[in-house]
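Here's the structure we're looking at; comments come further down.
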Number of protein chains: 2
Amino acid sequence: MEILQAARCLDKLGNPTRLEVFRLLVKAGREGLPVGDIQEHLDVPASTLSHHISHLVNAGLVHQEREGRVLRCRPDFELMQALIDFMTEECCEGVEPAQPKRDAG
Amino acid sequence: MEILQAARCLDKLGNPTRLEVFRLLVKAGREGLPVGDIQEHLDVPASTLSHHISHLVNAGLVHQEREGRVLRCRPDFELMQALIDFMTEECCEGVEPAQPKRDAG
DNA sequence: TCATTATTTCGAATATTCTAGAAATATAGT
DNA sequence: ACTATATTTCTAGAATATTCGAAATAATGA
């Protein structure tokens with residue numbers, strides 16, 4: 001992943017509402033959740049939620065697919081893993097932990 | 001790490017300039033770099049750079065210590081690791097990769 | 001004290017994001 | 001066609017972030 005894409009993903013996940021949305025979708029697994037289900041969990045007005053979800057979709061972190069009347073949102077695990085890989089390799093590498101753990105690693 | 005702290009860190013790292021600053025500091029290792037050295041790498045006006053660094057310091061991602069005339073900036077590897085752990089556990093868990101890799105991981 | 005270097009703080013302009021009500025669109029059932 | 005449900009798009013105000021020149025602060029040395 002390139003640094004600009006990483007910054008974009010981090011920026012989108014850097015909003016508390018959006019991070020909660022994304023976490024909720026991850027917990028839901030690959031099948032994800034309809035927008036309405038997310039709204040029930042988060043207690044945010046529909047238009048505000050839609051706005052935040054569209055940010056996540058724009059960054060490629062979430063995909064949407066219509067299923068009848070509901071719009072199902074699914075997290076992109078591969079992109080998220082790529083982001084974590086970027087952070088690990090580019091922003092956390094080359095230094096050993098100050099006090100290496102033996103059983104918690 | 002709690003979700004609000006994670007969001008805060010992600011937000012701060014979600015700016016391209018700040019992400020570059022942080023990555024540069026990580027590459028420099030535990031001794032970090034003086035502000036001036038960062039500026040030479042990034043080509044950003046001093047006041048703008050200072051502003052961005054203060055964001056990182058406020059979030060706890062960077063620490064500053066004066067050394068004579070220069071201010072040395074060091075990345076907080078432990079906090080960054082905690083953030084990565086949060087993302088891995090809370091935002092990427094419970095699902096196996098679609099096509100597990102055996103030698104490219 | 002004066003000059004120099006390193007960096008921050010101030011201030012103000014510009015840009016972007018957030019929020020949410022109202023209206024619009026999409027789907028399904030009658 | 002009409003109604004109900006699900007969600008988005010429109011719109012606009014408020015809040016926050018970004019940028020950077022100018023001035024201020026901090027440290028060093030002559």
Side-chain angles (χ1 to χ4, degrees), chain A residues 3-25 28 31-76, chain B residues 3-25 28 31-76:
Chain A
I3 191 165
L4 284 180
Q5 188 184 10
R8 186 169 176 73
C9 289
L10 292 169
D11 179 46
K12 296 317 179 189
L13 294 172
N15 172 282
T17 300
R18 286 196 294 264
L19 187 56
E20 286 226 63
V21 167
F22 191 79
R23 179 168 69 160
L24 196 61
L25 290 176
E31 64 184 307
L33 287 174
V35 173
D37 287 16
I38 299 174
Q39 195 184 358
E40 278 178 26
H41 279 270
L42 265 67
D43 193 35
V44 168
S47 62
T48 302
L49 178 59
S50 179
H51 162 83
H52 284 302
I53 291 176
S54 77
H55 273 267
L56 293 171
V57 169
N58 270 240
L61 286 160
V62 167
H63 303 279
Q64 284 182 306
E65 196 176 355
R66 185 166 280 282
E67 283 181 9
R69 267 191 295 206
V70 309
L71 255 186
R72 181 167 294 271
C73 303
R74 273 170 298 168
D76 190 318
Chain B
I3 192 165
L4 284 180
Q5 187 185 11
R8 185 168 176 75
C9 289
L10 293 168
D11 179 45
K12 297 316 179 189
L13 294 172
N15 173 283
T17 300
R18 287 196 294 263
L19 187 56
E20 286 227 63
V21 168
F22 191 80
R23 178 167 70 160
L24 196 60
L25 290 176
E31 64 184 308
L33 287 175
V35 173
D37 287 16
I38 300 173
Q39 194 184 357
E40 278 177 26
H41 280 272
L42 265 66
D43 193 35
V44 168
S47 60
T48 302
L49 179 59
S50 179
H51 164 81
H52 283 304
I53 291 176
S54 77
H55 273 268
L56 294 170
V57 169
N58 269 241
L61 285 161
V62 167
H63 302 278
Q64 284 181 308
E65 195 176 354
R66 184 165 283 281
E67 284 181 7
R69 266 191 295 209
V70 309
L71 255 186
R72 182 167 292 273
C73 303
R74 273 169 299 168
D76 190 318

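By convention in this document, chain letters (A, B, ...) are assigned in the order of the sequence lines, proteins followed by strands, and residues within each chain are numbered from 1.
- None of Leu56(B), Ile53(B), Leu25(B) except one satisfies the side-chain contact (heavy atoms from CB on, under 4.5 Å) rule with Leu61(B); the exception is Leu56(B).
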_salt bridge (Lys or Arg N to Asp or Glu O under 4.0 Å) for Glu65(A) and Arg74(A)? Distances and angles first, verdict last._
CA-CA 8 Å; Glu65(A) 196 176 355; Arg74(A) 273 170 298 168; 2.2 Å; yes
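- When the nucleotides dT8(C), dT18(D), dT17(C) are ranked by their closest atom to the side chain of Ser50(B), dT8(C) comes out on top.
- The base of dT4(C) lies close enough to the side chain of Arg69(B) for a donor and an acceptor atom to sit less than 3.5 Å apart.
- Summarising the geometry, the separation between CD on Glu40(B) and P on dA6(C) is reported as 9 Å, rounded to the nearest angstrom.
- Closest heavy-atom contact between Asp76(B) and Gly60(B): CB-O, 3.4 Å.
- Looking at Arg18(A) and His52(A), their side chains do bring a donor and an acceptor atom within 3.5 Å of each other.
- A straight line from NE2 of His55(A) to P of dT17(C) spans 6 Å, rounded to a whole angstrom.
- Closest to the side chain of His51(B), out of dT8(D), dT9(C), dT19(D), is dT19(D).
- Listed candidates were dT8(D), dT19(C), dT7(C). Nearest to the side chain of Val35(A) is dT8(D).
- Distance from the side chain of His52(B) is smallest to dT18(D) among dA17(D), dC18(C), dT18(D).
- Distance Glu65(B) CD to dA26(D) P: 17 Å, rounded to the nearest Å.
- An OP1 or OP2 oxygen of dC18(C) is reached within less than 4.0 angstrom by no side-chain nitrogen or oxygen of Thr48(A).
- Atom CZ of Arg66(A) and atom P of dA6(D) are 11 Å apart (whole Å).
- For Asn15(B), a side-chain nitrogen or oxygen approaches OP1 or OP2 of dT18(D) to under 4.0 Å.
- Arg18(A) has a side-chain polar atom (N or O) that falls below the 4.0 Å cut-off from OP1 or OP2 of dC18(C).
- Rounded to an integer number of Å, the gap from CD of Gln64(B) to P of dT7(C) is 9 Å.
- Nearer to the 5' terminus of DNA chain C, by closest-nucleotide assignment, is the contact made by Thr17(A) (compared with the other of Glu67(A) and Thr17(A)).
- Two residues, Pro45(A) and Asp11(A), neighbour DNA chain C, and the one matched to the more 5' nucleotide by heavy-atom proximity is Asp11(A).
- If you check dA17(D), dT9(D), dC20(D) against the side chain of Ser47(A), the one that comes closest is dT9(D).
- Distances from the side chain of Pro34(A) to the nucleotides dT7(D), dT18(D), dC20(D) place dT7(D) closest.
- Rounded to an integer number of Å, the gap from Asn58(A) CG to dT17(C) P is 11 Å.
- If you measure from atom CG of Leu56(B) to atom P of dT8(C), you get 12 Å, rounded to the nearest angstrom.
- A salt bridge between Glu67(B) and Arg72(B) is present, with a side-chain N of the basic residue lying under 4.0 Å from a carboxylate O of the acidic one.
- To the nearest angstrom, P of dT8(D) lies 14 Å from CZ of Arg72(A).
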